[in-house]
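In the text below, chain A, chain B and the rest are named by the order of the sequence lines, each starting its count at 1.
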There are 2 protein chains.
Amino acid sequence: MPSGQVTHGPSDSDPKAAYPQPSTARPAPRVRTARAAEIIDAARTLLEDRGPRGLTMRKLADTVGIQAASLYKHLPSRSALEVALVEHGLDEIGSALHGALAKSTVDPIGALLDTYRSAGLANPQLYRLVTAGSFPRGQMLEGLEAWAGEPFFLAAGDPHLAQALWSFAHGTLLLELDGRFLDGSDLDRTWQAGAEAFKAARRAIPRPSVR
Amino acid sequence: MPSGQVTHGPSDSDPKAAYPQPSTARPAPRVRTARAAEIIDAARTLLEDRGPRGLTMRKLADTVGIQAASLYKHLPSRSALEVALVEHGLDEIGSALHGALAKSTVDPIGALLDTYRSAGLANPQLYRLVTAGSFPRGQMLEGLEAWAGEPFFLAAGDPHLAQALWSFAHGTLLLELDGRFLDGSDLDRTWQAGAEAFKAARRAIPRPSVR
DNA sequence: CCATTCGGCTAACAATGTTAGCCGAATGGG
DNA sequence: CCCATTCGGCTAACATTGTTAGCCGAATGG
């Protein structure tokens with residue numbers, strides 16, 4: 001997900017720019033027929049409230065009022081459908097993260113983690129799908145993954161700390177979604193404990209000097 | 001995975017015990033017939049080198065030289081097989097973590113993360129299975145999960161920091177296994193960046209006083 | 001000695017993704 | 001205006017999945 005280099009944006013001479021500006025562009029979404037979009041949408045709600053095993057071609061066809069085989073007039077395969085869902089998820093999470101970062105300059109790491117967590121909790125199954133085992137990088141929209149992950153690099157200041165921060169967010173969210181933490185443990189404080197650790201580490205890294 | 005409370009062990013009066021002692025006992029493994037163990041073993045190697053989609057009842061039966069239906073004379077279902085594999089994985093990871101912690105008192109967090117990473121990289125598919133979406137907690141060996149996760153609590157000193165540390169390890173390992181980090185990025189340094197952040201946070205927490 | 005259990009087998013079923021082939025309705029170019 | 005083409009539905013079928021039912025020979029033990 002994370003993008004590569006974070007170069008300084010066009011506002012290089014703006015002294016208020018304490019953090020580097022986004023350099024990655026959000027790729028244009030795919031063009032789709034109305035029917036295909038409708039199917040993908042139905043798939044999404046089916047996934048979200050019936051779970052991954054509830055998302056089957058025949059059930060999906062049913063909710064759309066169609067025969068399963070007819071789905072293939074609109075989508076080449078089930079995995080293509082999954083790619084579409086993953087792209088939706090990445091787009092939403094990326095938007096949320098970029099938005100959060102644009103708003104809060106005082107505590108970017110905290111804002112980022114909060115937003116990441118909220119986005120995941122709002123669509124648990126979709127988040128799981130997006131970050132599931134091995135997904136088809138080759139078939140995905142070029143640059144989408146990089147754009148969605150970029151805020152971590154912007155907030156952390158250092159690429160390695162950025163990846164570590166993303167790892168923490170990803171791991172915590174997955175464990176929270178899967179209910180793997182201690183019963184009754186205060187997850188807010190778990191998130192906060194990690195956030196504090198990374199904020200402190202961030203402070204130990206020199207700000208990128210704005211000439 | 002993490003255990004609940006970490007009470008002080010029997011060596012409460014030992015002044016060298018800078019960290020709390022394990023209080024959770026490793027649950028006794030299930031008793032199994034030789035044939036069942038053989039099947040589970042075959043399933044494991046099948047999973048590890050053919051991937052999760054390569055582990056099918058018929059293929060498993062083939063490698064054991066049996067008919068698929070005959071597997072059900074030894075195992076009640078595929079999900080029971082998965083539970084067995086998960087238990088294997090938890091047992092191995094737990095052993096490795098407890099061992100690492102017992103050895104290194106100088107840098108427990110670093111040792112823990114190294115061991116966690118190694119264990120995961122050694123058996124990627126098994127690790128994915130162990131930490132996969134929602135697994136059947138009810139069917140698992142009682143206390144195994146708690147025992148396996150306990151080292152994080154021992155090393156972190158604070159339950160919330162422990163869960164955050166575990167989250168970081170889990171997230172980083174998953175992202176590494178799934179190849180989601182930047183191509184060519186130095187993962188050692190990513191792990192290290194997180195490790196440093198958590199070590200610093202650990203230092204800010206008072207040691208549990210040993211009366 | 002015989003009943004029971006063990007552990008293999010074949011046959012079958014339902015559900016999954018997916019393909020082939022048919023067909024009516026829209027559509028657009030000559 | 002007609003006709004060829006495309007669009008988007010349908011039914012039927014296939015292979016593969018987990019799983020169950022039922023048969024049967026060999027060991028086993030009271």
Side-chain angles (χ1 to χ4, degrees), chain A residues 30-87 125-126 128-129 132-136 138-140, chain B residues 30-87 125-126 128-129 132-136 138-140:
Chain A
R30 284 184 208 277
V31 280
R32 290 217 156 86
T33 80
R35 197 77 168 126
E38 181 188 354
I39 290 175
I40 293 171
D41 218 59
R44 179 175 172 168
T45 75
L46 204 53
L47 168 72
E48 209 54 79
D49 44 65
R50 291 281 208 276
R53 300 178 40 114
L55 173 53
T56 161
M57 294 307 249
R58 283 173 172 88
K59 286 175 193 160
L60 174 57
D62 270 4
T63 76
V64 154
I66 233 179
Q67 214 63 15
S70 300
L71 289 177
Y72 291 80
K73 298 292 167 116
H74 305 275
L75 297 167
S77 68
R78 179 185 212 272
S79 68
L81 174 68
E82 281 175 11
V83 169
L85 292 177
V86 167
E87 288 179 356
Q125 305 288 359
L126 186 57
R128 267 192 263 249
L129 184 66
S134 61
F135 72 20
Q139 315 200 27
M140 273 216 333
Chain B
R30 284 184 208 277
V31 281
R32 290 217 154 87
T33 82
R35 198 79 169 126
E38 181 188 354
I39 290 174
I40 293 170
D41 218 58
R44 181 177 169 165
T45 74
L46 204 54
L47 168 71
E48 208 55 77
D49 44 65
R50 292 280 209 276
R53 301 178 41 112
L55 174 51
T56 161
M57 294 309 248
R58 284 173 172 87
K59 285 175 196 163
L60 174 58
D62 270 3
T63 76
V64 154
I66 233 180
Q67 214 62 17
S70 300
L71 289 177
Y72 291 80
K73 298 292 168 113
H74 305 276
L75 298 167
S77 67
R78 179 185 214 273
S79 69
L81 175 68
E82 280 175 9
V83 169
L85 291 177
V86 168
E87 288 179 354
Q125 305 287 1
L126 187 57
R128 268 192 263 249
L129 184 66
S134 62
F135 72 21
Q139 313 200 28
M140 272 217 334

If I compare all heavy atoms of B:Ala42 with all of B:Val64, which pair ends up nearest, and what's the gap? CB-CG2, 3.9 Å
Taken to the nearest 0.5 Å, the spacing of A:Arg44 CZ from A:Leu81 CG works out to 12.5 Å
Quick one: CG on B:Asp41 to CZ on B:Arg32, what's the gap to the nearest 0.5 Å? 11.5 Å
Does B:Arg58 reach a base, just sugar-phosphate, or nothing at all? Heavy atoms under 4.0 Å. base
Quick test of your reading: applying side-chain hydrogen bond (donor to acceptor under 3.5 Å, both in side chains), list the pairs with at least one residue in residues 70-82 of chain A, sequence neighbours left out, ordered by first then second residue. A:Ser77-A:Ser79, A:Arg78-A:Glu82
Could you report the tightest heavy-atom contact between B:Ala68 and B:Arg58, atom names first, then the distance? CB-CG, 3.6 Å
Round to the nearest Å and state the distance from A:Asp62 atom CG to C:dA15 atom C1'. 13 Å
Residues from residues 46-54 of chain B lying under 4.0 Å of DNA chain D - heavy atoms: none
In dot-bracket, 5' to 3', how would DNA chain C read with Watson-Crick or G-U wobble pairs under 3.5 Å, [ ] for crossing ones and | for pairs to another strand? ||||||||||||||||||||||||||||||
Not counting sequence neighbours, which residues clear side-chain hydrogen bond (donor to acceptor under 3.5 Å, both in side chains) with B:Arg50? List them please. none
So B:Leu85 and B:Leu55, do their side chains get closer than 4.5 Å, heavy atoms only? yes
Round to a whole Å and report the spacing from CZ of A:Arg78 to P of C:dA15. 17 Å
Measuring from atom CG of B:Leu47 to atom CZ of B:Arg53, what distance do you get when rounded to the nearest 0.5 angstrom? 13.5 Å
Please list residues of residues 64-77 of chain B whose heavy atoms come under 4.0 Å from any atom in DNA chain C, ordered by number; otherwise none. B:Ile66, B:Gln67, B:Ala69, B:Ser70, B:Lys73, B:His74
What is the distance from atom CG of A:Leu46 to atom CD1 of A:Ile39, rounded to the nearest 0.5 Å? 12.5 Å
From CA spacing to verdict: side-chain contact (heavy atoms from CB on, under 4.5 Å), B:Ile40, B:Glu87: CA-CA 11 Å; B:Ile40 293 170; B:Glu87 288 179 354; over 6 Å; no
Bounds of contact between DNA chain D and chain A, in 5' to 3' order, using a heavy-atom cut-off under 4.0 Å: D:dG8 to D:dA13
Measure the spacing between CG of B:Leu75 and CZ of B:Arg35 and express it to the nearest 0.5 Å. 11.0 Å
Go through the steps for B:Thr45 and B:Thr63 under the test side-chain contact (heavy atoms from CB on, under 4.5 Å), then give the verdict. CA-CA 10 Å; B:Thr45 74; B:Thr63 76; over 6 Å; no
Pairwise distance CZ(A:Arg30) to CE(A:Met140) - rounded to 0.5 angstrom: 8.5 Å
